[in-house]
Each structure stands twice: as structure tokens, then as C-alpha cells.
J.: 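Mind looking over this structure? Questions follow.
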Amino acid sequence: MMATLLTARWVIGFNRGTHVVHEDGCVLVNGDRVAHVGALPNPLPDCTRIDYGEAILSPGFIDLDALSDLDTTVLGLDNFPGWQKGRVWPNSYVARPPYEMYTSEELAFQKRFAFAALIRNGITTALPIASLFYREWGETVAEFDDAADTAEALGLRAYLGPAYRTGGQVVDTNGAIRAIYDEPRGLAGLEDAAAYAARIDGRAQGRIRAMFAPDRIETCTPALLSRTAAIAFEMGAPVRQHCLQSQTELRLVREQHGVSPIRYLADNGALGPKWLLPHGTHATEADMALIRDAGAALVHCPLVLARHGSMLRSLPRWLDMGITVGMGTDTWPPDMISNMQLGLMTARIADGHTAIRSEALFDTATLGGARALGRDDIGRLVRGAKADITVIDLGKTLQTTDPVQTVMVSCSGRDVRDVWIDGRRVMADRIIPGIDEAADTARAQAQFMGLVEKYPDRTLGHPPVSQIFRPSYTREILDRHGS
Ligand SMILES: [Zn+2]
């Protein structure tokens, strides 16, 4: 295979443990690796050349909580409280019993749709996350076999594993939320996930790796936690678990176990390296010290937090304590650039203008994610690293003096032009081979409307759709025939 030389106005390289900026630099890609970064090699090897001009060659972004379904945030945006709006299962739905709101074909399509969207946003390594509200119980091995096929075909670097759980939350008619359990089902889900992990880990020349996804901490039984930890630590696979994200979670864990969620994890031997924790908004100093000392990682998802009126207090504090912090998109659009921008803004709202700089956010989306996964071959462009490269076009951008600061002010995911993963150009001029973006978007919208129609089934009191969701302005009926 012939090497490829990429050149651009800006290259984010790496030297002595930190990113560095090269102006008018290059990246030489050979096979799946970066062979050289910096000035043009002399003599120039025999290679293909691509000049991106006014652009940034950036390390690909690492998304530790990568949106992988049809996000329903828009339904909750102006409709609250969530427990009255189909965000918590009522007893009557549990009695029904719950059913899959999408067909297996639809679920397979959604992974393809989502993975393509991640690539379009310059995300080269992804750990998918999806909501279990719309599922009969957990995710299935069958859909993750489809997901592995899709990731392999599109060229995405992915850590995959079906989410499983021993419990869920239900809401009573008076709004009280409590936990319900089916531990045998959760443990069976874990055994399925472990068999899947052993089967797929290392697929696609190592691009596909296993991960474990026990759902939210408040409904994990001690057996599920300790067994997950034993299997995952033995394999060296990451575990992702939503944690410290709501008052309801803190209350449920305290009522059931008498401790904070992080202490509960630690008590069950479940807090350690590669244990990835979105969102951390309700962490105490003691929780943060436990996370740091265990070598676990925080997954920061500033966009979804801000939409719900919340933010991390605060990113500078977590970083100052030496805690590993990576980034997650977790919501639509899966735009890592806007998440970095919002992460900067919310950190400054929390701690003041001078508390953090742009490069700290750029680090979390690249080096922080790599460290969380225990890897030193991704998240950086340096000789010997994986050739995972996101090309950000600055051709329509003003005020470029420094590439990272310009990204933080002027860019969005839509400026990502090309993406390289494992040395393969998986997107060129925003085209991903085999993906028809317009057709897929229409198909996703149709599936989403099918889900909206089913909302009354799982909403408290089962009101019609028109009563669950309140539109922005009054919808005026148009006279189509003229009169
Ligand atoms: Zn989340």
C-alpha cells in the first residue's frame, strides 16, 4: 500500500506529552499508522499527495458517550416534568408488559445512521450510548452484531457492547419514582454481553473492541456490579456507566445502599481504570477523590447538560484534581466541536473567565479520551500512532490566528471535511461511501414519528400525543385551496 502525504495550513502534532501546532505542516500516513508529522520529509518518499489548503489536520475525536439512536431530547426540551411526559415508565406500562418500540431492522438502521453522523462530526473512536426507555429491557446481542458489521463497513473505530441492567425506574400516579428489579434478567444480559465481548474484541484489525455497558448505577444490584467488574477488568475492557447525574439517583442509591453512588461502586470492587462515568454533575469532593484514586474517568457531556439547565461544577476543578476527563456527545447533534465550545463556556460560567483555556477542552476530546481508554496510540498525531485524522475546513472561516482557538469560536461539526481512521479515508468532502445522507435522514424521521405515536403507551395516564407534547406557537390550520 502506497503512503499518503496530507498537507494543510495547520497541523496539530504531538511532542513530549502535549499537542503542538505546526503551520504549513504535513502528516504522512503509511498503512494504519502515522509515519511522520511536521515539516515535509526530505527526501519526499514515493507517495500520494493531498493538499487540504486552509484547513486543520487534527487528531480524530474520541467520543466516550457517542449518540447511537434516534435522540428524543427534542421531545423533552419544553415538556416537563419528565415523569408526566413519558420519560419514566408508569406502573401500567410495566404491567402491560413493556415492548420493543423499534423493530430489529429499525435498530440496525439507526446504528448505521448514527455511526455515519459521528464520522461526519470528526469522531473517529466511539463508545455508543442509547436510551433504554424505548426498549423491552436491555439492548440485544443481535443488534450489536449488526452494529459491529456497520462499524467495520464504515471504518469507524468502536468499542461495542449491549447495555444491560438489573432494574429500572417506575413512577406512581402521584409522581413518586422508585426502582424495580429483575436481577436474573440483568445477570443473563451480562453473560450475553460477556460472550459477545469475547467474540468481537479485536475484530476489523483491532478497530472493534469490546466494552461493557451496565445501565445507570441506581438500578444495578451489587451482584451485577461485581460480576461486571470481574469480567471487564480481566479482559481489560472499558465499562461505561451513567453516574452522579440526578437527585433521584442519589436518593435511590442512598435509600437502598446507604452510601453515595461512587462509594457504592467502590464497595463492590467496581471502580477502577477504564471505568467511564458520565456525567458527574452531582459529585462531592469525596466522590471525586475516590474516582481519582481509583484511576476511573469522568465523561463530560456539556451540551446535553446545558439543555437541561445543568453544568459540571466544575471542569477546571476535576482537571486540577488530576482526574481523567474525556468527552461524550450523548445527544443530537453528535457535534464534538460544539461540545468543546459549550464545555469552555459552562466552565467559565461556573468558575470565571480565566479558569480554563481552549486547549483544555481540546485535550479532553482527544488525549483525555485516549487516557480514559488506557491507550497511547490514539488522540494524537505522532509517528507510530494510529492514523485517525479529522480534517477541519477553515476555507469559510474568519479570524484564524490559532487553529484551536478558531475552532472554539468559529467552527461546528459541519466544517469537518474529511475523516481518516486507521489510515483509511472514510469520508471525503463530506461523502461517506455507501451512505445516502438524504435518504437516511428521511427514513430516520419516519421511524422517529413512529416512536412519537407510541408515546401514550408509556406515559403516565396514557394521554394522547397532543396532550403530552406542547408545541412552541399555536399551529394555525392553513387553507390549502384558497378562498
Ligand atoms: Zn447521558
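Keep in mind the model is a prediction, meaning the values are calculated, not measured. Both counts, for ligands and for their atoms, begin at 1 and track the order of listing.
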J.: Is the distance between the ring centroids of Y455 and F469 less than 6.0 Å?
T.: yes

J.: Looking at H242 versus H279, is the centre-to-centre ring distance below 6.0 Å?
T.: yes

J.: Quick one: CG on L342 to CG on N339, what's the gap to the nearest 0.5 Å?
T.: 7.0 Å

J.: With sequence neighbours left out, write down each residue that passes side chain to side chain donor-acceptor pair (under 3.5 Å) with Y196, or none if nothing qualifies.
T.: none

J.: Look at atom CZ of R414 and say whether more than 12 heavy atoms of other residues, nucleotides or ligands are closer to it than 6.0 Å.
T.: no

J.: When you check the space around the Zn ion (ligand 1), which protein N, O or S atoms turn up under 2.8 Å?
T.: H242 NE2, H279 NE2, D330 OD2

J.: Using a 4.5 Å cut-off on heavy atoms from C-beta on, say whether the side chain of M345 contacts that of M311.
T.: no

